[in-house]
Amino acid sequence: MKRIYNKTLILLVATLLVGAVAKGVSGYMTILTRDLVDTSFLPGMPGFREIALRMVLFAFVLFLLETLLSFVKGYYRKKTNVNLKMYYLEKIFQKNINEFNKDSNAKYVSHMMSDLNTVDLDYIDGIFELALSVISFVITIVIIGGVSMELLIIVLVVGALVGFLSNVLSKPIQKLYEERSGLYDKYTHYLQEVLSAFRIIRVNSLYKRVEKQFTGRSENLQSKSYEIEKKSTYIYAVQNFMINFVVLFVMGISVYYAVIGKITFGGVILILNNFSSLIGPFQRASELLPKIFSTKALFKVLDESLLNQDLQEEKEELHSFQEGISFEGVTFSYGENKVLEDLTLSLKKNGKYLIVGPSGGGKSTFLKLLRKYFHPQSGSIYVDGKPLNYITKESYFKHLSNVEQNVFMFDDTVRNNLTLLKDIPEEKIQEAINRAGLRSFVENLPSGLETIIEDNGRNISGGERSRIAIARALLNESEILILDEAFQSLDYDTARAIEKTILDLPELTVVNVSHILIPENKNAYDEMLYVDRKRIERIPISGVS
Ligand SMILES: Nc1ncnc2c1ncn2[C@@H]1O[C@H](COP(=O)(O)OP(=O)(O)OP(=O)(O)O)[C@@H](O)[C@H]1O
């Protein structure tokens with residue numbers, strides 16, 4: 001992910017250039033202040049008016065530069081953050097479906113919200129602030145060195161010492177910050193889980209248990225924040241004390257140099273004005289460097305979350321589907337759990353197949369292999385004679401439509417949920433509505449097809465949801481339709497009518513996993529396959545009732 005950050009390096013350089021000019025002008029103002037003080041001690045104050053006018057002018061220029069700096073810095077951060085987030089999202093959608101499903105969504109949400117936010121603060125802003133501190137440091141060295149090299153060396157040594165001590169003092173805080181970030185992640189994860197389980201918690205009166213767990217986790221997090229606050233107060237007090245002490249020390253030494261005539265009194269003011277820019281970078285570096293380095297681990301976590309374990313090289317494009325799909329000696333296990341063994345069967349193009357079998361028998365696993373979510377551990381699946389392993393997912397998925405058990409609905413109109421935002425002629429939409437048995441549903445909607453489906457289909461029934469999914473699949477006009485318990489929430493007559501419509505489509509290969517056998521439609525199937533774990537059998541359709 002780090003190389004995405006490099007895309008905005010030019011913006012960073014441009015922003016730093018503006019910052020450098022602003023720091024230069026600010027340093028020049030301290031030189032003008034010195035000249036103003038020094039001229040005030042001279043008889044007649046020569047050049048006072050001119051210096052004062054120049055100060056006013058440069059104060060205005062500085063105001064403009066700082067305003068510009070805040071704009072360009074904001075733009076640089078925005079652009080870099082958008083690039084990183086877009087890259088992360090794009091990569092998520094390149095994950096293998098089964099590998100994405102292994103983790104909870106909360107992990108990706110937490111990466112996108114919390115971790116990328118940390119990257120923004122600690123890395124994107126951190127690098128900018130550090131670079132600006134270095135620029136400011138160099139400018140300050142030139143300015144103080146112009147007054148007295150001896151004083152510059154003394155101030156540098158003292159500044160480095162304060163910076164080092166600050167770093168040592170703040171180490172325990174940095175560790176606490178890291179611990180709190182880990183707790184935050186777990187907390188976010190837990191909250192998402194609890195809210196997802198809202199219904200089950202309400203119905204089973206589990207709130208008391210949830211409350212107990214929640215209190216424990218909240219207290220842990222709050223205690224960590226409290227600990228950070230306590231330690232920070234103490235550490236900042238010690239740091240302030242050190243800085244005040246050092247300022248007094250530098251002031252004393254500078255005044256001494258002025259008294260013995262090595263520098264002017266204006267020079268004392270210049271050194272005091274610039275002293276903070278000299279120790280500031282030491283402090284900033286000690287604060288920022290650990291944060292910048294610690295994001296290395298975060299980048300690693302983010303990159304790992306995007307990795308696909310299955311690196312099967314896919315080099316074949318499936319331009320058309322002509323013949324059929326065959327499983328040859330396919331064996332598949334989830335870890336030790338062998339679900340399918342030495343499975344051989346073929347599905348002909350435009351054939352209609354009904355897959356039945358006991359619960360846990362491996363029907364969904366069979367479909368997952370067919371959908372290319374997984375690869376068999378041994379044996380092969382061929383599509384038109386080409387090994388499915390080598391066919392690109394994008395080209396294969398174009399030929400498939402799925403109606404799964406959990407149908408997702410977008411917060412959008414019924415029309416867009418049917419077309420999935422594709423440009424489809426109105427007649428085709430109306431035809432799919434009829435075929436999927438949605439006619440009376442659509443006619444009764446307050447705004448017809450423009451009615452909004454809310455919150456993943458909260459305002460529609462399970463059966464309506466399945467029928468929308470079926471219409472969606474029909475509109476996709478792919479050659480293969482995979483149905484996984486698509487009719488289970490429909491009443492018998494609706495299920496029978498929709499199944500018949502689908503089975504009557506001559507140009508469609510249908511693979512239907514179902515617990516429901518509709519006797520009136522059974523003869524429309526070419527084959528019925530009984531899947532029971534390591535066993536798969538053809539059942540003669542005539543024998544089934
Ligand atoms: N992602 C998974 N990880 C591990 N084991 C799994 C996974 N999915 C399914 N299994 C196991 O594989 C076996 C077959 O499951 P599968 O979902 O294929 O059966 P099914 O015939 O579709 O069942 P049902 O009719 O109840 O939906 C079961 O023992 C199940 O516990």
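Keep in mind that the numbers below use all heavy atoms, side chains included, and drop hydrogens, waters and symmetry copies.
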Please find out if less than 6.0 Å separates the ring center of Y108 from that of F100.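 Between Y108 and F100, the centre distance is under 6.0 Å.
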Please list every donor-acceptor pair under 3.5 Å in which a side-chain atom of residues 129-141 meets a protein atom from a residue at least two apart or in another chain.
residue	atom	partner	partner atom	Å
E129	OE2	K73	NZ	3.0
S133	OG	E129	O	3.0
T140	OG1	S136	O	2.5

Would you check if the side chain of [X] reaches a backbone N or O of [Y] as a donor-acceptor pair within less than 3.5 Å?
{"X": "H375", "Y": "L388", "result": "no"}
{"X": "N417", "Y": "T413", "result": "yes"}
{"X": "T39", "Y": "D35", "result": "no"}
{"X": "S395", "Y": "H319", "result": "no"}
{"X": "T233", "Y": "E229", "result": "yes"}

Does [X] have more than 12 heavy atoms from other residues, nucleotides or ligands lying within 6.0 Å of its [atom1]?
{"X": "K422", "atom1": "NZ", "answer": "yes"}
{"X": "L248", "atom1": "CG", "answer": "yes"}
{"X": "I260", "atom1": "CD1", "answer": "yes"}
{"X": "Y334", "atom1": "OH", "answer": "yes"}
{"X": "F408", "atom1": "CZ", "answer": "yes"}
{"X": "Q213", "atom1": "CD", "answer": "yes"}

Please tell me if the side chains of [X] and [Y] come closer than 4.5 Å, counting only heavy atoms from C-beta onward.
{"X": "V246", "Y": "F275", "result": "yes"}
{"X": "L9", "Y": "N6", "result": "yes"}
{"X": "I253", "Y": "E150", "result": "no"}
{"X": "L57", "Y": "L53", "result": "no"}
{"X": "T80", "Y": "N83", "result": "no"}
{"X": "K95", "Y": "L307", "result": "no"}
{"X": "I143", "Y": "I271", "result": "no"}
{"X": "V194", "Y": "F214", "result": "no"}

Rounded to the nearest 0.5 Å, what separates atom [atom1] in [X] from atom [atom2] in [Y]?
{"X": "M86", "Y": "K91", "atom1": "CE", "atom2": "NZ", "result": "13.5 Å"}
{"X": "M29", "Y": "L270", "atom1": "CE", "atom2": "CG", "result": "12.5 Å"}
{"X": "E66", "Y": "L69", "atom1": "CD", "atom2": "CG", "result": "7.0 Å"}
{"X": "M45", "Y": "L36", "atom1": "CE", "atom2": "CG", "result": "8.5 Å"}

Answer yes when [X] and [Y] have at least one side-chain N-carboxylate O distance shorter than 4.0 Å, and no when they do not.
{"X": "K368", "Y": "E404", "answer": "no"}
{"X": "E394", "Y": "K398", "answer": "no"}
{"X": "K230", "Y": "E227", "answer": "no"}

Less than 6.0 angstrom from the centroid, inside 45 degrees of the normal: does K315 satisfy that with respect to the ring of Y390?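 Yes.
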On the six-membered ring of Y190, is R217 placed so that its NZ or CZ lies under 6.0 angstrom from the centre and within 45° of the ring axis?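 Flagged: R217 positioned over aromatic ring of Y190.
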Applying salt bridge (charged side-chain N to carboxylate O under 4.0 Å, His left out), can you list everything that pairs with [X], at least two apart in sequence or on another chain?
{"X": "R465", "answer": "none"}
{"X": "D122", "answer": "none"}
{"X": "E90", "answer": "none"}

CA sep, side-chain torsions, deciding dist, call: K79, L11, side chain to side chain contact (heavy atoms under 4.5 Å, CB included): CA-CA 9 Å; K79 194 90 187 127; L11 256 181; 3.9 Å; yes
If you measure only the distance, is there a donor-acceptor pair under 3.5 Å linking the side chains of [X] and [Y]?
{"X": "T118", "Y": "Y123", "value": "no"}
{"X": "N476", "Y": "S401", "value": "yes"}
{"X": "T15", "Y": "Y75", "value": "no"}
{"X": "N81", "Y": "D120", "value": "yes"}
{"X": "K372", "Y": "N389", "value": "no"}

How close do [X] and [Y] get, heavy atom to heavy atom, and via which atoms?
{"X": "V407", "Y": "M409", "answer": "CG1-CE, 3.5 Å"}
{"X": "I51", "Y": "L32", "answer": "CG2-O, 3.5 Å"}
{"X": "D38", "Y": "T264", "answer": "OD2-OG1, 2.7 Å"}
{"X": "N308", "Y": "Q94", "answer": "ND2-O, 3.0 Å"}
{"X": "V414", "Y": "G448", "answer": "CG2-O, 4.4 Å"}
{"X": "S305", "Y": "L302", "answer": "OG-O, 2.7 Å"}

Apply the test salt bridge (charged side-chain N to carboxylate O under 4.0 Å, His left out) to residues E219 and K224: give CA-CA distance (whole Å), side-chain angles for both, the deciding distance (0.1 Å), then the verdict. CA-CA 8 Å; E219 265 172 11; K224 200 54 79 187; over 6 Å; no
Ring pair (Phe, Tyr, Trp, His ring centres under 6.0 Å) pairs, two or more places apart, involving residues 223-246: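 Sorted pair list comes back empty.
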Tell me, which pairs form a ring pair (Phe, Tyr, Trp, His ring centres under 6.0 Å) where one or both residues lie in residues 28-54, sequence neighbours left out?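 Every pair satisfying ring pair (Phe, Tyr, Trp, His ring centres under 6.0 Å) with a residue in residues 28-54: Y28-F58.
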Checking K186 against N220 for the side chain to side chain donor-acceptor pair (under 3.5 Å) test, could you report, in this order, the C-alpha distance in whole Å, the side-chain angles of both residues, the deciding distance, and whether it holds? CA-CA 11 Å; K186 288 194 187 129; N220 271 350; over 6 Å; no
Could you walk me through whether I263 and V268 pass side chain to side chain contact (heavy atoms under 4.5 Å, CB included), step by step? CA-CA 7 Å; I263 61 170; V268 174; 3.9 Å; yes
If you apply the rule side chain to side chain contact (heavy atoms under 4.5 Å, CB included), what do you find for T33 with M55, and how did you get there? CA-CA 8 Å; T33 313; M55 282 186 77; 3.5 Å; yes
How are the rings of F128 and Y76 set to each other: parallel, tilted or perpendicular (split at 30° and 60°)?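 If you compare the ring of F128 with that of Y76, the planes turn out tilted.
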Are N416 and F410 close enough, and set up right, to give a side chain to side chain contact (heavy atoms under 4.5 Å, CB included), and what steps lead you there? CA-CA 8 Å; N416 289 343; F410 293 94; over 6 Å; no
